[in-house]
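Notes follow the structure.
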Amino acid sequence: NQHKELNIKSQVADSPVGMGTAHGKVILMGEHAVVYDYPAIALPVPAVAIRVRVTPTQHQADYLSCRYYKGPLADAPQELQNVQAAISLAQEHCAPKEQASAIHIRIDSDIPQERGMGSSAAVAVALVRALADYYGVSLTQEVLHYMVNQAEVLAHGAPSGLDTLMTSTTQPALYRKGITPQAFQMNLGGYLVIADSGQAGQTKRAVAQVAQLAQDRPDQVMKTMAAIGECTIQAQQAIRQGDLVALGRLMTYNHYYLNQLKVSTPELDSIVKSAWLAGALGAKLTGGGLGGCVIALASQAQQAEAISQAMRQAGAGRTWTMAI
Ligand code: MEV
């Protein structure tokens, strides 16, 4: 019996397992403008994470199983397409050509899908990491980002690369396309409340819609983009100076400009308004828009709780509060 047990243990130890993780993100300032080469400030959200586990299997057909924040992956065809793209890219890069054995991929995610929290990038990051781990391939950040960005082109159309970076690193950053991101510490003594509107965000459609608007009214849209860029630069200064009030005011301006780009919705606007009325220093939609999440800034924990309740009463489903 003891011999049998030892044998089983050694089989378990020998069978390869690949693990990969990633987390959610929110954009504090500058979404959409970042696609047009302006800077954006984004934060990792470790409270929502994704874990991928790769193991060998005998059953070729049953290669993927998922537990997602809301419902099965099949309910989000966009996400499924992204998952498959990331798997093919990672397999192509990492799997040894002679080794054609079947694998099982298990995805567990707390990141809400289609909510502007980086779910599509995070799943690709975790998948690529898990497959590389399974095949014993070490990945540089550059190669990881290159593969995830390719999967993101499918999911988002014209991604800035911000989601790829923020779901794979652990520090807030000022991000600008094509420029080395500036990571920084955030110790403002405030709170950021994130509220899921319950409405699916549509980043790909929102980015395409903004591109169309930029074609139809180039002067107006470029002025708005420049104004968002200016808000982001000022927000960076406010963060450096620890000025929560100024940061909140800039978030509110940013929401107003996102409205001009027509990516807000009446539901998002009403959650934003409820946060202002509950005493938030500022509030705005976050991510691509047309649904998704709202973020609000509070100076104290008690105020954050009141804002979170108000946002739920205004229609938000889940909320998360993080110290910033
Ligand atoms: C998506 O989280 C943010 C957008 O700016 C698109 C992008 O940066 O790829 C809307």
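Ligands are counted one by one from 1 in listed order, and the atoms in each one are counted from 1 as well. Residues take their numbers from the sequence shown, with the count starting at 1.
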Thr265 side chain to Gln199 side chain, donor-acceptor N/O pair below 3.5 angstrom | yes
Indicate yes or no: does [X] engage [Y] in a salt bridge with an N to O separation below 4.0 Å.
X	Y	answer
Arg115	Asp196	yes
Asp133	Arg53	no
Arg51	Asp108	no

Considering only heavy atoms of [X], which atoms of ligand 1 have at least one such atom less than 4.0 Å away?
X	result
Ile27	2 (O), 3 (C)
Val34	5 (O), 8 (O)
Gly288	10 (C)
Lys25	2 (O)
Asp163	1 (C), 2 (O)
Val35	5 (O), 6 (C), 7 (C), 8 (O)

Nitrogen or oxygen of Ser160 less than 3.5 angstrom from that of ligand 1 | yes
Any N or O of Glu31 closer than 3.5 Å to N or O of ligand 1 = no
Nearest protein heavy-atom contact for atom 4 (C) of ligand 1: which residue, which atom, what distance?
-> His32 N, 4.0 Å
N/O donor-acceptor pair under 3.5 Å between Thr286 side chain and Ile27 backbone | yes
Check whether any side-chain N or O of Lys25 sits under 3.5 Å from a backbone N or O of Ser119 as a donor-acceptor pair, and report yes or no.
-> no
Verdict with supporting geometry, Glu305 and Gln309, side-chain hydrogen bond (donor to acceptor under 3.5 Å, both in side chains) = CA-CA 6 Å; Glu305 182 49 38; Gln309 271 181 29; 3.2 Å; yes
Heavy-atom contact under 4.0 Å between Glu152 and ligand 1?
-> no
